[in-house]
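One structure below.
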There are 2 protein chains.
Amino acid sequence: MTLQPRAALPGNGTGSGTAQSNGAKLDRAIPEATVARLAVYLRVLGDLAATGSETVSSEDLAAAAGVNSAKLRKDLSYIGSNGTRGVGYEVARLVRQIEHILGLTQRHGVALVGVGNLGHALAGYSGFASRGFPLRALFDVDSDLLGIHINGILVEHADRIPEVCAERGVTIGVIATPGPAAQAVCDRLVAAGVRSILNFAPQVLQVPEEVEVRKVDLAVEMQILSFHVARRHGEGGQGGSGGVNGEAGAERPVVVPQ
Amino acid sequence: MTLQPRAALPGNGTGSGTAQSNGAKLDRAIPEATVARLAVYLRVLGDLAATGSETVSSEDLAAAAGVNSAKLRKDLSYIGSNGTRGVGYEVARLVRQIEHILGLTQRHGVALVGVGNLGHALAGYSGFASRGFPLRALFDVDSDLLGIHINGILVEHADRIPEVCAERGVTIGVIATPGPAAQAVCDRLVAAGVRSILNFAPQVLQVPEEVEVRKVDLAVEMQILSFHVARRHGEGGQGGSGGVNGEAGAERPVVVPQ
DNA sequence: TTCTGTGAAACCATTCACAGCC
DNA sequence: GGCTGTGAATGGTTTCACAGAA
């Protein structure tokens, strides 16, 4: 359902690879940055639909999504012309269009490795399944966790990743292990045929180029915020903080990365 | 154990509302993309230091961080010349340099709002404090949670955000509430003087431009991966998995059909 | 007239390639 | 010779600004 898109490939094929180069590149036309925003538009559109709106202008949708309207229109133009000049976009149609482009009309089996603190929370997050990403397997190596069920899913030993993932049609892997274990887990997922990984572990993963990895790193996010606090903000409120710029002077490193 | 996260990458997503007002551009501006990578280099350098390395070449450090060496050298050039030609970079010195730039030589008090599933996991993550981001306050509105302690921190009512944050010198706020509650929480944090926010709620936050918001959105990340699964992967043969790959359809439109 | 769709310009980030120091 | 630091080239993203459909 839901098909009827039309994708206008802009001008000439601008081939281009993904961030990571790729041997075989077809010309895909949707910029990576646009794909990320499409997911955001989708959520905002869902809210709009819930309030009964049937159409929305680029200006309003952009404001709700936190981007400017020219960017939004350009983004939508990559997935075809879906608006009506003088009127705006039909909410329901746009939702179908974006879901189609993002591949959300099919389900993607998910395996989560590492049922510790964070992993447990993620496994318990029901929004997963309801959004087309059914959790099909849980793995860990801790004997206290093996055998328990979370949200109805059995926690199995990480050694079984290859067979279980293949068996249950897992296409997306989520890694929530401690950093040191992440690479080995990743290797097993890749061996099992998984080509898309979401990594919460504080570890840079080395993968073959056909594997797509997205990273979510709390420490990095906090440090980026720290950078901004140190430079611009900080004087307004508290944080006295003594001089931060001195060039040579290192006070005392509070943080030592692992 | 295990948590920590963030994401970087190209544009990735998510950017967030952060309006990038550029008011003061006195110092040589360090590109946003570079800042995100500096945090990654910092972690890799920590690993290197732990193994006893005293110096490292741009080639090796880049490989470990998952970027190419030219990019790494360019990034490091923004924070000054710290290497020795013909030799490489002194690990300890580079660590200090990056910590200084990221503002990690000072501590940043953190308040976390929303102690549900995910929030609880984040609050229990001790790595927070040890990395220079002491957790100073926890908030929620659920009476079952008010009054309990997590990691020694009392959970207080969200109505107290303004006074408590001001009192304890909180400079960074972390929002882990359900989407609908996020904006109100954000407004209170801003009112309390917080200028840096890490948002885990599935909600676009509207903030004054002097406030920096970074977004971590599980649904968005999954959908981006979905796009790639739908587009590129899948045809490779598959997986060793014997495949039950069936699930719904195969899809293959690599380039959107029309 | 309103609002979309889109070339073209501006901007930012990445990669190249090599001069210069060790 | 090995490796950093960086101008120049390239490529991707955002913004501008306006033609054109409803």
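Chain A is the first sequence line, chain B the second, and so forth, proteins listed ahead of strands; every chain is numbered from 1. The model shown is predicted, which means the values in this text are computed figures rather than measured ones.
- When the P atom of C:dC3 is taken as reference, atom CD of A:Glu90 falls 17 Å away, rounded to whole Å.
- Proximity of A:Leu118 to B:Leu118: side-chain heavy atoms (C-beta onward) are separated by under 4.5 Å at one or more points.
- OP1 or OP2 of D:dG5 sits under 4.0 Å from a side-chain N or O of B:Tyr89.
- If you take CZ of A:Arg73 and P of D:dA17, they are 13 Å apart, rounded to a whole angstrom.
- Nucleotides of DNA chain D nearest to A:Ala70 and A:Thr84 differ in position, and the one nearer the 5' end is that of A:Ala70.
- Note: CG (A:Leu94) to P (C:dT4) measures 11 Å, nearest angstrom.
- Here the side chain of A:Lys71 is nearest to one of C:dG5, C:dC21, D:dT15, namely D:dT15.
- No more than 12 heavy atoms of other residues, nucleotides or ligands sit less than 6.0 Å from atom CD of B:Glu59.
- Distance, A:Asp60 CG to C:dT2 P: 15 Å, rounded to whole Å.
- Here B:Tyr78 does not reach the OP1 or OP2 of C:dA13: none of its side-chain N or O atoms lies under 4.0 Å away.
- Side-chain contact check for A:Glu32 and B:His228: at least one donor-acceptor pair (N or O, by modelled atom type) lies under 3.5 Å.
- Taking atom CG on A:Leu61 and atom P on C:dG5, their separation rounds to 12 Å, with Å as the unit.
- Of the two residues contacting DNA chain D, namely A:Lys74 and B:Asn82, the nearest-nucleotide position lying further toward the 5' end is that of B:Asn82.
- Residue B:Arg37 places at least one side-chain N or O under 4.0 Å from the OP1 or OP2 atom of C:dT14.
- Note: CG (B:Leu72) to C1' (C:dT14) measures 13 Å, nearest angstrom.
- Taking only side-chain atoms of A:Ser57, from C-beta outward, the nucleotide of D:dT14, C:dT4, D:dG5 with the closest atom is C:dT4.
- As rounded to whole Å, 12 Å separates atom P of C:dC16 from atom CD of B:Glu59.
- Within the 4.5 Å cutoff, no side-chain heavy atoms of A:Ile101 are placed close to those of A:Ile98.
- Of the candidates D:dG5, D:dT13, C:dA13, the closest approach to any side-chain atom of A:Pro31 belongs to D:dT13.
- Distances were taken from every side-chain heavy atom of B:Ser81 (C-beta onward) to each of D:dT6, D:dT14, D:dT13; the shortest belongs to D:dT6.
- A heavy-atom distance below 4.5 Å is not found between the side chains of B:Leu38 and A:Phe227.
- The interatomic distance linking B:Asp75 (CG) with C:dT15 (P) rounds to 10 Å, in whole Å.
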